[in-house]
Amino acid sequence: RGAVIVMHDVTELRRLEQMRTEFVANVSHELRTPLTSIKGFVETLLDGAADVPSLRERFLKIIQAETLRLQRLIEDLLTLAHFEGRENRGELGSGKISYLQQAYKKIQPVILSFAQVKGIEVEIDLPDDLPPLSIGEDLLSQLLLNLLENAVKYTTEGRVWLKAQAYEGAVRLEFGDTGCGIPEEMLPRIFERFYRVDKARSREQGGTGLGLSIVKHMVEGVGGTINVTSELGVGTVFICDLPRAK
Ligand code: ADP
């Protein structure tokens with residue numbers, strides 16, 4: 001029996017080691033891609049393209065976009081690293097308190113302007129008498145931002161919504177959209193770091209592939225749960241239960 005347990009541990013260690021190696025390879029690749037592009041366009045500008053106004057403008061815009069991408073990536077990596085060390089369920093939420101309406105107000109302008117550009121309706125239904133939650137307000141805002149931004153990002157027409165309902169001990173948040181949906185076989189993987197269903201689409205929309213893994217770490221860190229259901233071409237719904245403040 002002892003030997004079986006040791007074998008099992010070795011397999012688990014190998015799996016963790018492989019995940020770590022993959023993560024480092026992914027990070028390097030994700031950082032190198034925009035850097036290579038920035039380097040190339042800077043060299044082209046120095047080689048004479050800077051003297052042609054139309055090229056100069058275009059290339060500088062590309063450099064700006066790639067720089068922003070690098071910045072976002074580094075911010076997301078730091079956020080992830082911050083949460084990964086504190087995975088114990090409930091630990092992040094203990095002693096914290098925040099209100100959903102207030103956390104939403106902070107990110108509302110970003111979501112509404114993004115949705116407006118894409119011509120998508122946003123429906124927010126947060127009852128006035130929701131109990132406070134056992135999570136810091138900045139964390140809650142970031143959670144709402146990541147999930148609502150995704151909903152808008154992966155929807156081309158229709159609407160996105162956020163509903164909340166109080167249960168005994170918890171508040172259930174429902175984030176829905178009438179977007180592209182996620183193939184069933186990929187659903188279990190979308191919370192993994194750097195996993196994207198459509199890499200080109202995510203990249204084009206400024207995604208880093210880290211948003212959902214940050215969300216999952218945060219939710220579990222405060223003792224909550226998050227699940228997803230989706231239908232291709234119909235839409236996606238994330239259900240997130242967050243514990244009430246004691
Ligand atoms: P990204 O930065 O690529 O959006 P995330 O970690 O936030 O990374 O999401 C991982 C992947 O899950 C996305 O690339 C996308 O394929 C899929 N996804 C997330 N949210 C949605 C949604 N609301 N509708 C459809 N696909 C989604």
Side-chain angles (χ1 to χ4, degrees), residues 19 22-23 25-27 29-31 33-34 65-84 87 104 107 110-112 114-115 117-124 139-164 172-221 224-240:
M19 274 177 68
E22 261 171 37
F23 179 63
N26 275 329
V27 171
H29 174 78
E30 296 290 333
L31 291 173
T33 311
E66 297 289 352
T67 312
L68 280 176
R69 177 172 183 73
L70 269 181
Q71 187 182 21
R72 218 166 15 228
L73 199 60
I74 289 166
E75 273 162 16
D76 277 0
L77 283 169
L78 288 174
T79 309
L80 197 59
H82 175 75
F83 291 125
E84 271 185 336
E87 263 153 343
Y104 172 70
I107 57 134
V110 180
I111 293 302
L112 292 188
F114 185 23
V117 170
K118 295 194 67 177
I120 293 166
E121 303 255 332
V122 179
E123 286 165 23
I124 305 292
L139 229 61
L140 186 56
S141 289
Q142 169 110 51
L143 178 101
L144 299 177
L145 183 68
N146 284 10
L147 289 168
L148 287 170
E149 236 180 14
N150 272 356
V152 178
K153 217 195 294 187
Y154 298 106
T155 300
T156 42
E157 60 182 320
R159 61 195 190 97
V160 311
W161 67 90
L162 165 61
K163 282 190 223 168
R172 172 160 293 186
L173 310 185
E174 179 182 308
F175 301 83
D177 64 62
T178 59
C180 63
I182 301 166
E184 200 181 338
E185 67 275 17
M186 296 180 172
L187 277 179
R189 300 202 58 190
I190 58 167
F191 292 100
E192 289 174 21
R193 301 176 296 196
F194 291 121
Y195 190 82
R196 290 115 147 179
V197 174
D198 179 344
K199 215 163 185 157
R201 179 161 187 181
S202 158
R203 208 187 132 78
E204 192 183 295
Q205 303 267 350
T208 61
L210 295 173
L212 284 183
S213 69
I214 290 175
V215 163
K216 194 171 169 71
H217 278 98
M218 278 183 190
V219 170
E220 292 184 349
T225 57
I226 182 158
N227 290 292
V228 57
T229 53
S230 189
E231 198 176 330
L232 264 186
V234 177
T236 304
V237 175
F238 286 86
I239 300 283
C240 176

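First listed ligand is number 1; within each ligand, the first listed atom is number 1.
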Quiz prompt | Side chain N227, main chain I239, donor-acceptor under 3.5 Å | solution = no
Quiz item: Near G211, which atoms of ligand 1 are under 4.0 Å from a heavy atom of that residue?
Solution: 5 (P), 6 (O), 7 (O)
Exercise. Give me the one residue out of V215, I111, N150 that meets side chain to side chain contact (heavy atoms under 4.5 Å, CB included) with L145.
Key: I111
Practice problem: Kindly write out the residues that satisfy side chain to side chain contact (heavy atoms under 4.5 Å, CB included) with R201, not counting sequence neighbours, or none if the list is empty. | Solution: Y154, T156, C180, D198, Q205
Quiz item: Okay, side chain of R72, backbone of G206: is any donor-acceptor separation there less than 3.5 Å?
Solution: yes
Quiz prompt | F191, portion touching ligand 1 at heavy-atom distance under 4.0 Å | solution = neither
Quiz item: Less than 3.5 Å between some nitrogen or oxygen of F238 and one of ligand 1, yes or no?
Solution: no
Self-check item: Contacting atoms of ligand 1, where contact means under 4.0 angstrom from a heavy atom of T208
Solution: 2 (O)
Quiz prompt | atom 7 (O) of ligand 1 [closest protein heavy-atom partner, distance rounded to 0.1 Å] | solution = N150 ND2, 2.9 Å
Quiz item: What do you reckon, does D177 have a nitrogen or oxygen under 3.5 Å from a nitrogen or oxygen of ligand 1?
Solution: yes
Exercise. Among all protein heavy atoms, pick out the one at the shortest distance from atom 3 (O) of ligand 1; state its residue, atom name and that distance to 0.1 Å.
Key: S202 OG, 2.6 Å
Practice problem: Look only at interatomic distance and state if Y154 has a nitrogen or oxygen under 3.5 Å from any nitrogen or oxygen of ligand 1. | Solution: yes
Quiz item: Above 12 or not: heavy atoms from other molecules or residues under 6.0 Å from CD of E174?
Solution: yes
Quiz item: Under 3.5 Å, is there a donor-acceptor pair between the side chain of H217 and the main chain of S213?
Solution: yes
Quiz item: Relative to the heavy atoms of I190, which atoms of ligand 1 are at a distance of less than 4.0 Å?
Solution: 10 (C), 12 (O)
Practice problem: Kindly check if the number of other-residue, nucleotide or ligand heavy atoms within 6.0 Å of CD (E185) is above 12? | Solution: yes
Quiz item: Any heavy atom of G179 sitting closer than 4.0 Å to ligand 1?
Solution: no
Practice problem: May I ask you to identify the nearest protein heavy atom to atom 16 (O) of ligand 1, giving residue, atom name and distance to one decimal place in Å? | Solution: V197 N, 3.0 Å
Self-check item: Nearest non-hydrogen partners of G235 and S230, listed with the distance
Solution: O-OG, 3.2 Å
Quiz prompt | Under-4.0 Å heavy-atom contact with ligand 1, by part of K153 that carries it | solution = side chain
Quiz prompt | Protein contact of atom 10 (C) of ligand 1 - nearest heavy atom, named by residue and atom, plus distance | solution = Y195 O, 3.2 Å
Quiz item: So does E30 pair up with R69, basic N to acidic O under 4.0 Å?
Solution: yes
Quiz prompt | Any N or O of L212 closer than 3.5 Å to N or O of ligand 1 | solution = yes
Quiz item: Under 4.0 angstrom from ligand 1, any heavy atom of R203?
Solution: no
Quiz item: Who's the nearest protein heavy-atom neighbour of atom 8 (O) of ligand 1, and how far?
Solution: G209 CA, 3.1 Å
Practice problem: Tell me which protein heavy atom sits closest to atom 26 (N) of ligand 1, plus the residue, atom name and distance to 0.1 Å. | Solution: I182 CG1, 3.3 Å
Exercise. Without swapping roles, check the side chain of K216 against the backbone of I226 for a donor-acceptor pair under 3.5 Å.
Key: no
Quiz item: For F194 and T208, which heavy atoms make the closest approach, and how far apart are they?
Solution: CD2-O, 3.4 Å
